[in-house]
Amino acid sequence: MLILLAAIINQKPIQSMRKHVRWESVLDVSDYQEIVNIVYVGLLGIEKNISEDCNDQFYQEYKKSLLLYEAYEKAEEVIKWQLERYNIEALFLLDSSAGEMYPKPEMAQIRQIELLVNKKDLPWINRIMLDMDYEHREDSSCNGILYVRIPGIRIVFYDSIPIENKIIQRYFTGPIKRFRCMEPYTSIHMLSNEEEYLYRIARMVELYITGKLKIRDVLDLWQYRKLLGEQFRWKTAKELLDKADWEEFDNQVNILGTLWFGEDAEQQYGLALELEEYIISRGRENRHLDETLLPCEKIRLDFYWRNRDKEWALRKQAWMFPSREYMTRFFPILEKYPFLLGFCWMIRNWRFFRRICANKCKKAGFRLRVRLLDIQQKVKGMIRRKSEEAIGEPEEASEDVIPQAEEGGLPDYTAEEERELLSRDAREAVGAQGRDTGEENRTQETDAEERGDSRNEDAEEETANIEQTEGDRDV
């Protein structure tokens, strides 16, 4: 992706891709690094294996950047005319001139327009912006007053320079009139080349500390350095950066830009490669890099996390005590009696507190029931194991059955073996009983036969005696 980016920036022919490229991943990285519009310009001149959906997403992002650039140019002209009309002194810190640094204006990425104004003029500016259909929006990551309008134009007004370094802050401190005027206006002012370069470096330091430094920021500074040329007073800028202890940061950013987009390869890239890894990894912590690039910002290096805590506190406060316009949706009585806002806050917070407690009690009850069910299953398992151990105690007493029989003990059997033994004993008892019964029956039959034989012999004798007696009579 960086090779493709360098070829587009330097207006060189793009080599064909020999390896398979996952364009979905390229789209995701390019979108985060805010370079989708440049990558799409490069895709137009090469053969690529890309899906229609991914190609359409590239085109939509490119089209969005192109429309935003034109919208920013028009919005900037209208704001200048309005500020000049009401004689409001304003200093443009960042404007739509970023398109002049690139070969094609649509390659530029304008995040927002930043202006420095006097604090007393903020009410008038708020009225002007609302009349131009801008919406005032709260943004914890923005220290100024933010106004937004479709299709995504962001205008930020500061009443003090948004730089934390005291040396750079002191350099920009003073009346707005001391900065040079922007022709043909008398109330609109602009930064000199040296001042704009310092301001860009200062904004990059803030982005680095908050973990939001991207490839687009390095590219913008690289293009701005190329645009300045020999007319830029480098000595003045270097002296001020040295006082602020930002010289190493500026040097490594320049080396990284040369590594990505330049042709000079005779420099040491050790620390620049760490900075490259920091940017590509989306702000992963690197203490060695922090201490080397910004040694004077040791306290502010923890600013990002402390700022998140402050952001959370502000969000929590806004959630607990919303504005009257928001509360009017749920409490229409506030339209007639706005002094009841505090009482409505109490009712709303009590409702949320009651709902939160009910949900927590429901979740706690569910977890308790699950816990009791687990305990019940464990108790049943313990009882089952104890019963099995109680049944299996005779078997564990001895492994040899014969010595126990000799000593008068009983062998150890399991429940199944005991059932088999009992059934076998029962069958043997039934069989023995059957055998005894059969023997008794056979004995009885034998006796009966013997008795029958004796009776038959007696009958034969009696018959013989009768026949003999009858024969004697006949004689």
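In this structure, CG in L289 is found 6.0 Å from CG in L275, a value given to the nearest 0.5 Å. Taking CG of L83 as the reference point, atom CD1 of I88 lies at 5.5 Å (rounded to 0.5 Å). For the atom pair OG1 (T173) and CD1 (I161), the distance works out to 8.0 Å, reported to the nearest 0.5 Å. Distance CG/D121 to CD1/I176: 7.5 Å, rounded to 0.5 Å. Taking CH2 from W222 and CH2 from W260, the interatomic distance works out to 12.0 Å, rounded to the nearest 0.5 Å. Residue I35 holds its CD1 atom at 10.5 Å from CD of Q109, rounded to the nearest 0.5 Å.
Between F352 and M320 there is no side-chain heavy-atom pair separated by less than 4.5 Å. At least one side-chain heavy atom of L259 sits less than 4.5 Å from a side-chain heavy atom of L273. Proximity of I279 to L256: side-chain heavy atoms (C-beta onward) are separated by under 4.5 Å at one or more points. Taking 4.5 Å as the limit, some side-chain heavy atom of R355 sits within range of a side-chain heavy atom of N359. The shortest side-chain heavy-atom distance between E61 and Y40 does not fall under the 4.5 Å cut-off. Contact check for Y102 versus I38: side-chain heavy atoms found under the 4.5 Å cut-off. You'll find the side chain of T292 reaches within 4.5 Å of the side chain of L271, heavy atoms only. Side-chain contact between E114 and Y199: present, with at least one pair of heavy atoms (C-beta onward) separated by less than 4.5 Å.
When the ring pair (Phe, Tyr, Trp, His ring centres under 6.0 Å) test is applied to Y278, the partners found at least two apart in sequence or on another chain are Y208. Every residue two or more places apart in sequence or in another chain was checked for a side chain to side chain donor-acceptor pair (under 3.5 Å) with Q169, and none qualifies. Taking the side chain to side chain donor-acceptor pair (under 3.5 Å) definition, one finds that S187 meets it with nothing, sequence neighbours left out. Under the side chain to side chain donor-acceptor pair (under 3.5 Å) criterion, S97 pairs with D95, not counting sequence neighbours. Evaluation of the ring pair (Phe, Tyr, Trp, His ring centres under 6.0 Å) rule for F321 yields W345 as partners, not counting sequence neighbours. Not counting sequence neighbours, Y32 has no partner by the ring pair (Phe, Tyr, Trp, His ring centres under 6.0 Å) test. With sequence neighbours excluded, the residues satisfying side chain to side chain donor-acceptor pair (under 3.5 Å) with E76 are K80, S96.
Annotation for E52: atom CD does not count as buried by contact number, only 12 or fewer foreign heavy atoms lying within 6.0 Å. Residue F339 places its CZ atom among more than 12 non-hydrogen atoms of other residues, nucleotides or ligands, all under 6.0 Å distant. The 12-atom threshold is exceeded at OH of Y185, counting heavy atoms of other residues, nucleotides or ligands nearer than 6.0 Å. Counted within 6.0 Å of CG on L372, heavy atoms from surrounding residues, nucleotides or ligands total more than 12; the atom is thus considered enclosed.
For the side chain to side chain donor-acceptor pair (under 3.5 Å) condition, the pairs that include at least one residue of residues 64-73, sequence neighbours left out, are Y69-E73. Pairs of residues two or more places apart, or lying in two chains, that qualify as ring pair (Phe, Tyr, Trp, His ring centres under 6.0 Å) and include a residue from residues 107-145 are Y86-W124, H136-Y147. Note on residues 176-187: no pairs pass salt bridge (Lys or Arg N to Asp or Glu O under 4.0 Å), not counting sequence neighbours. The salt bridge (Lys or Arg N to Asp or Glu O under 4.0 Å) analysis of residues 29-43, with sequence neighbours excluded, yields the pairs E34-R111, E34-K214. Residues in residues 248-258 take part in these salt bridge (Lys or Arg N to Asp or Glu O under 4.0 Å) pairs, two or more places apart or across chains: R225-D250, K238-D250.
At least one donor-acceptor pair under 3.5 Å links the side chain of S387 to the backbone N or O of R384. Listed for the Q223 side chain is a donor-acceptor partner under 3.5 Å among the backbone atoms of M101. The main-chain N or O of L66 is never found under 3.5 Å from a side-chain atom of N37 such that the two would form a donor-acceptor pair.
A tilted orientation is assigned to the rings of Y59 and Y62, their planes being inclined by 30° to 60°.
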Next item on the list: Go through the steps to decide whether R216 and D220 satisfy the test side-chain contact (heavy atoms from CB on, under 4.5 Å), and finish with yes or no.
Entry: CA-CA 6 Å; R216 169 63 69 173; D220 285 346; 3.5 Å; yes
Next item on the list: Could you give me the CA-CA distance, side-chain angles and deciding distance for I201 and I168, then say whether side-chain contact (heavy atoms from CB on, under 4.5 Å) is met?
Entry: CA-CA 10 Å; I201 290 291; I168 304 298; over 6 Å; no
Next on the checklist: I'd like to know whether V253 forms a side-chain contact (heavy atoms from CB on, under 4.5 Å) with D217, so could you lay out the CA-CA distance, the side-chain angles of the two residues, the decisive distance to 0.1 Å, and finally the verdict.
Outcome noted: CA-CA 10 Å; V253 170; D217 302 300; over 6 Å; no
* Under the side-chain contact (heavy atoms from CB on, under 4.5 Å) rule, what do Y197 and W234 come out as? Steps first, then yes or no, please. => CA-CA 10 Å; Y197 182 78; W234 291 105; 4.0 Å; yes
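Summarising the geometry of P338 relative to R324, their closest heavy-atom pair is CB-CD, 3.8 Å, with the distance given to 0.1 Å. Minimum heavy-atom separation, R203 to P162: NH1-O, 3.2 Å. Contact between P103 and I9 at its shortest, heavy atoms only, is CG-O, 3.9 Å. Nearest heavy atom pair, residue E195 against residue L191, reads OE1-CA, 3.6 Å. L334 approaches C344 most closely through the heavy-atom pair CD2-SG, 3.7 Å. Closest approach of I255 to A272, counting heavy atoms only: CG2-CB, 3.8 Å.
A side-chain hydrogen bond (donor to acceptor under 3.5 Å, both in side chains) with Y224 is found for one member of R200, E196, E100 and no other, namely E196.
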